[in-house]
Amino acid sequence: MKRTLTALAALCLSAAASADSLQTAMDKIAKGEYQQAYQELQPLAKAGDAEAQYQLAILYARSRGVAMNNGEAAQWFEKAAEQGHAEAQYNLGMSYTLGRGVTQSNETAVEWFEKAAKQEQPGALFRLGNMYENGVTLTQNDKQALDFYQKAAKQGHSEAQLNLGMMLTNGKGTDVNHEQAVNWFQQSAEQGNAIAQNNLAIMYALGKGTTKNEKLAYMWANLSYYNGGEGDEIVEILNHTMKFGDIRQAQKMTEECLEKNFRGCESIK
């Protein structure tokens, strides 16, 4: 009994020490001290800690504190993924999608995306939705795509919100619903998605799913263009239809929305 208790105490101390080391590594990452984080993570990853394996893979994938090595990254993603780490499963799926550090294989990517999706990992949900929508590896199925997009969108995934808005606009896998489409474009636009910002501008310009508002249309189109989108086309059209005073006000609204980081901009006047 004494030996058992001694062994148990040693095990608890070891687990506590590992947790402390992992926290130290995470603190180093937060501070941008990647080389020190790498030194902390390496022994933990080798000892089988799934979170340490995942974080080590990220360092290799992003060349933080160590030379970029996609092969090493994929290996550590896989070790963590095999232990059920959802983020590692998703990243391993992306590695196979892109052929990054592994032989490209959409079929293997799907396997890992499906494992991550069972844990509601938003990136994996989005990827499966995209593959169903476009018939890549998986049989084309708009309803399945819609379901996966909805799950990812509800977790705040910007691209899923955009694609969900597009499906609702076009009636793919569901009935046309412009009001819901505007809602999802709005949520994506507030995260800085230039395409969603442009789509939201179009909805305001046409009065689809929302009250027609040329100033808000101009603002969102301007923001889209600022973010590398195609909003300049709508801005050019509105420059010929809006009054000069309204244009000046819309430009001011754009500046204020940028300061607010795209959030809560509908209340700007």
Side-chain angles (χ1 to χ4, degrees), residues 8-131 148 151-161 191-193 261:
L8 181 61
L11 183 61
C12 289
L13 287 171
S14 176
S18 295
D20 288 343
S21 295
L22 181 59
Q23 186 57 55
T24 298
M26 297 306 294
D27 290 342
K28 297 292 185 184
I29 290 172
K31 294 176 182 177
E33 298 172 357
Y34 300 121
Q35 288 186 335
Q36 295 93 321
Y38 176 80
Q39 296 300 325
E40 293 283 348
L41 289 170
Q42 214 177 21
L44 295 173
K46 288 180 178 178
D49 186 294
E51 182 62 26
Q53 291 169 342
Y54 169 70
Q55 294 295 340
L56 188 61
I58 292 293
L59 293 183
Y60 275 115
R62 298 179 182 174
S63 187
R64 291 179 171 176
V66 64
M68 180 180 288
N69 189 321
N70 289 325
E72 280 287 329
Q75 288 181 36
W76 288 113
F77 280 140
E78 185 167 14
K79 289 180 185 296
E82 288 174 344
Q83 295 192 66
H85 194 292
E87 294 295 328
Q89 291 170 340
Y90 164 67
N91 278 276
L92 185 57
M94 288 304 301
S95 295
Y96 276 105
T97 298
L98 301 172
R100 195 168 54 196
V102 293
T103 302
Q104 199 280 335
S105 171
N106 285 334
E107 291 76 13
T108 306
V110 166
E111 292 176 12
W112 287 110
F113 287 150
E114 288 177 338
K115 290 178 186 294
K118 287 179 181 178
Q119 300 187 65
E120 299 296 316
Q121 204 284 337
L125 291 167
F126 167 73
R127 288 291 164 184
L128 289 173
N130 193 253
M131 295 173 98
F148 280 112
K151 290 177 180 178
K154 287 176 181 177
Q155 292 190 58
H157 193 286
S158 174
E159 290 179 275
Q161 292 168 341
Q191 295 190 65
N193 188 301
N261 199 27

As an exercise, state the distance from [atom1] of [X] to [atom2] of [Y], rounded to the nearest 0.5 Å.
X: Lys28; Y: Glu40; atom1: NZ; atom2: CD; value: 7.5 Å
X: Asn261; Y: Gln191; atom1: CG; atom2: CD; value: 10.0 Å
X: Arg127; Y: Asn106; atom1: CZ; atom2: CG; value: 10.5 Å
X: Glu111; Y: Thr108; atom1: CD; atom2: OG1; value: 5.0 Å
X: Leu44; Y: Ser21; atom1: CG; atom2: OG; value: 5.0 Å
X: Asn130; Y: Leu125; atom1: CG; atom2: CG; value: 12.5 Å

Shortest non-hydrogen contact from [X] to [Y]?
X: Ala109; Y: Gly93; result: CB-O, 3.3 Å
X: Ala124; Y: Ala117; result: CB-N, 3.9 Å
X: Val102; Y: Tyr96; result: CG2-CD2, 3.6 Å
X: Ala25; Y: Ala37; result: O-CB, 3.7 Å
X: Leu56; Y: Gln42; result: CD2-CA, 4.4 Å
X: Gly101; Y: Ala74; result: O-CB, 4.1 Å

Does [X] reach the side chain of [Y], with side-chain heavy atoms less than 4.5 Å apart?
X: Leu41; Y: Ile29; answer: yes
X: Leu59; Y: Trp76; answer: no
X: Tyr90; Y: Trp112; answer: no

Say whether, by atom type as modelled, one donor and one acceptor occur between the side chain of [X] and the main chain of [Y] under 3.5 angstrom.
X: Gln89; Y: Ala81; result: yes
X: Gln104; Y: Leu98; result: no
X: Gln161; Y: Ala153; result: yes
X: Glu33; Y: Gln36; result: no

(request) Say whether Glu51 and Gln55, considering side chains only, have a donor N or O and an acceptor N or O under 3.5 Å apart. (result)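 Side chains of Glu51 and Gln55: pair found under 3.5 Å.
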(request) Please check if atom CD in Gln155 has more than 12 non-hydrogen atoms from other residues, nucleotides or ligands closer than 6.0 Å. (result)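 Yes - once you tally the heavy atoms of other residues, nucleotides and ligands closer than 6.0 Å, there are more than 12.
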(message) In terms of relative ring orientation, are Tyr60 and Tyr38 parallel, tilted or perpendicular, with 30° and 60° separating the classes?
(response)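 Judged by the thresholds at 30° and 60°, the geometry between Tyr60 and Tyr38 is perpendicular.
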(message) Name the residue from Lys118, Met94, Gln121 that meets the side chain to side chain contact (heavy atoms under 4.5 Å, CB included) definition with Phe113.
(response)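 Answer after filtering Lys118, Met94, Gln121: Met94.
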